[in-house]
Visitor: 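Take a look at this one; I'll ask things after.
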Amino acid sequence: MKKNWFILIIAFISFSCATHKNNQTNQQQEYKNGAVVTAHPLASDVGVTILKKGGNAVDAAIAVKFALAVVYPNAGNLGGGGFLVYRGKSGEIASLDFREKAPKAAFKDMYLDKEGNPITDLSLYGQLAAGVPGTVAGMEEAYKKYATLPWDVLVQPAIELASKGFAITAKQAGEFNEYQADFKKFNPNGAAIIRNEKWNEGDIFKQEELANTLRRIAAKGRDGFYKGATADLIVAEMKKGNGIITHKDLEDYKAIWRNPIVGYYKGYKVISMPPPSSGGIALMALLQSVENYPLKKWGFQSDSTIRAMVEAERRIYADRATHMGDPDFYRVPVDQLIDAKFNQDRMSKVSLAKATNSDDVKATKFPGYESEETTHFSIVDKDGNAVSLTTTINGSYGSYVWVDGAGFLLNNEMDDFSVKPGSPNMYGLLGGKANAIEPNKRMLSAMTPTIIEKDGNLKMVVGTPGGSTIITSVFQTILNVLEFDMTAQESVSASRFHHQWKPDRIDVEAKAIDENTRKSLEKDGYTIRKRGNIGRVENIVVLPNGKLQAGADHRGDDTAKGY
Ligand code: GLY
């Protein structure tokens with residue numbers, strides 16, 4: 001009998017550990033001077049090299065961004081876009097929008113057939129799926145405002161990685177092989193990644209055309225991309241398919257500094273990305289919605305914690321579908337959506353005893369969307385300057401089109417628009433007028449690069465890829481640290497769940513919830529679907545002693561480095 005009790009207690013302890021800290025293959029890393037967490041070990045190395053040369057967090061971010069375009073082709077990019085959130089050592093904040101935009105010739109119904117039904121593949125694959133890229137303009141804009149080292153020094157590591165090649169990881173070899181048929185279909189003239197024999201771990205991947213494009217960028221800045229030889233190659237690539245990006249679209253592209261979303265959660269200042277990302281607004285609204293619940297007492301991934309978080313997610317994703325889009329084209333009711341009283345009053349009327357039916361949840365009436373393959377990195381330098389940057393070409397390998405002669409992939413970001421009201425995008429996200437296609441408009445994003453401070457000091461630098469799940473993964477990671485006392489590594493390794501209003505179900509990673517919680521939730525009307533990995537979060541937490549605790553997500557090749 002005694003022995004049975006002992007076995008039961010040990011089983012319970014092991015189970016608790018499994019649900020709280022499962023899949024923790026990475027060691028907790030701590031650094032004194034600077035930390036860089038990215039999706040690829042070589043990109044993290046580049047970041048640390050720049051920091052050690054005396055560069056600041058923005059210098060390192062620019063060098064990492066270009067390096068990722070080489071070593072992480074499925075999401076790191078020249079042919080995509082992204083968002084950067086910055087906090088300087090003295091507390092000054094900024095956010096930079098280098099999101100792709102619709103070409104001037106784009107129009108509302110461009111992906112519909114004669115009957116008005118979406119032709120899904122058109123917004124996902126091939127030249128017509130591409131928005132005007134923003135990455136190079138974004139990096140130059142960040143450079144002009146904050147960088148300290150010469151521009152060409154920041155581009156050089158990427159040039160070397162592309163021209164000399166690098167050894168691919170096992171995960172990359174698997175992915176390169178998996179997509180060969182698609183790559184061949186959309187690139188009849190070939191591309192560096194295309195070959196007849198299988199890719200294996202350790203094979204050297206050289207990208208000479210990409211190295212030449214990077215050399216033009218190193219020599220001429222944005223003009224090396226939006227004008228001259230690179231622009232000619234992009235426009236020629238458009239003509240090979242049904243693409244519509246013109247020289248004028250490229251020349252006219254501008255990265256835009258915007259006011260970050262700022263709000264508070266239990267005294268922590270949360271700084272995140274404003275529209276055209278839905279990320280900052282949705283994250284802030286989620287934190288406000290759960291602020292009055294005793295999450296810490298309820299515990300990580302407990303029945304009650306999941307109910308409170310899911311009911312908040314359901315309501316905020318409904319608002320996202322109606323109210324969020326490019327703020328230069330649509331008046332997004334930002335203040336109302338991140339009004340703490342509004343979000344808390346709304347949640348106070350929600351019963352956690354039973355699942356609300358998503359059909360009964362409508363977007364709020366105020367007076368008056370994404371791919372799994374995006375990538376995020378977090379950097380803090382020796383002075384405490386911080387960069388949180390998420391970048392994307394939307395789907396894994398974007399539109400599958402490499403610009404012939406220029407060696408980089410084009411995004412398929414046009415699918416992040418609402419192609420037709422009520423018709424889901426590749427992530428099942430819905431949208432309406434706010435996110436309808438219009439010439440020169442930026443498509444709504446969920447990317448949520450975020451920085452948190454406490455009492456005027458830097459506390460956390462966090463973000464993730466994951467399409468529609470980005471917002472909820474950042475939300476959970478923040479709560480993992482602030483409520484459930486996890487380390488940076490534990491906060492990113494912990495398993496995750498996600499609800500986005502419609503489809504009305506909780507998506508869960510394999511070990512995210514225990515059997516009793518699952519049964520309890522299902523009894524009360526929640527639909528639960530197991531799925532693969534959710535997100536790849538990179539998190540840096542500043543400890544009270546000033547050390548930088550860095551957590552890299554074990555779900556990929558993600559690596560934390562520092563010194
Ligand atoms: N394409 C993913 C996002 O922008 O949210």
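Scope of the values below: all heavy atoms of this structure, side chains included, with no hydrogens, waters or symmetry mates. All ligand and atom numbering here is 1-based and tracks the order in the structure.
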Visitor: Which atoms of ligand 1 sit under 4.0 Å from any heavy atom of Asp416?
Guide: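 Ligand 1 atoms under the 4.0 Å threshold to Asp416: 1 (N), 2 (C), 3 (C), 4 (O).
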Visitor: If you count the atoms of ligand 1 from 1 in the order shown, which ones are under 4.0 Å from a heavy atom of Glu413?
Guide: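 Listed by number with element, the hits are 1 (N), 2 (C), 4 (O).
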Visitor: Establish, yes or no, whether a centroid distance under 6.0 Å links the rings of Phe176 and Phe205.
Guide: yes
Visitor: Looking at the rings of Tyr86 and Tyr146, which for Trp means the six-membered one, are their centres under 6.0 Å apart?
Guide: yes
Visitor: Where on Asn394 is there a heavy atom closer than 4.0 Å to ligand 1, on the side chain, on the backbone, on both, or on neither?
Guide: both
Visitor: Charged N to carboxylate O below 4.0 Å: is that the case for Arg555 and Asp553?
Guide: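 Here Arg555 pairs with Asp553 in a salt bridge, since their nearest N and O are under 4.0 Å apart.
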Visitor: Is there a nitrogen or oxygen of Thr374 sitting under 3.5 Å from a nitrogen or oxygen of ligand 1?
Guide: no
Visitor: Should you measure from each heavy atom of Arg99, which atoms of ligand 1 turn up under 4.0 Å away?
Guide: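 In order of numbering, the contacting atoms are 3 (C), 4 (O).
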Visitor: Kindly say whether the aromatic ring centers of Trp402 and Phe186 come within a distance under 6.0 Å.
Guide: no
Visitor: At a non-hydrogen distance cut-off of under 4.0 Å, which region of Met443 contacts ligand 1 (side chain, backbone, both, or neither)?
Guide: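 Met443 to ligand 1: no contact under 4.0 Å from either part.
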Visitor: Looking just at side-chain N and O atoms, do Arg258 and Ser95 make a donor-acceptor pair shorter than 3.5 Å?
Guide: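 Ser95 and Arg258 do not have a side-chain donor-acceptor pair below 3.5 Å.
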Visitor: Taking only Lys NZ, Arg NE, NH1 and NH2, and the carboxylate oxygens of Asp or Glu, determine whether Lys248 and Glu251 approach each other closer than 4.0 Å.
Guide: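 Salt bridge between Lys248 and Glu251, a charged N being under 4.0 Å from a carboxylate O: no.
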Visitor: Relative to the heavy atoms of Met447, which atoms of ligand 1 are at a distance of less than 4.0 Å?
Guide: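 Near Met447, meaning under 4.0 Å from one of its heavy atoms, ligand 1 has 3 (C), 4 (O), 5 (O).
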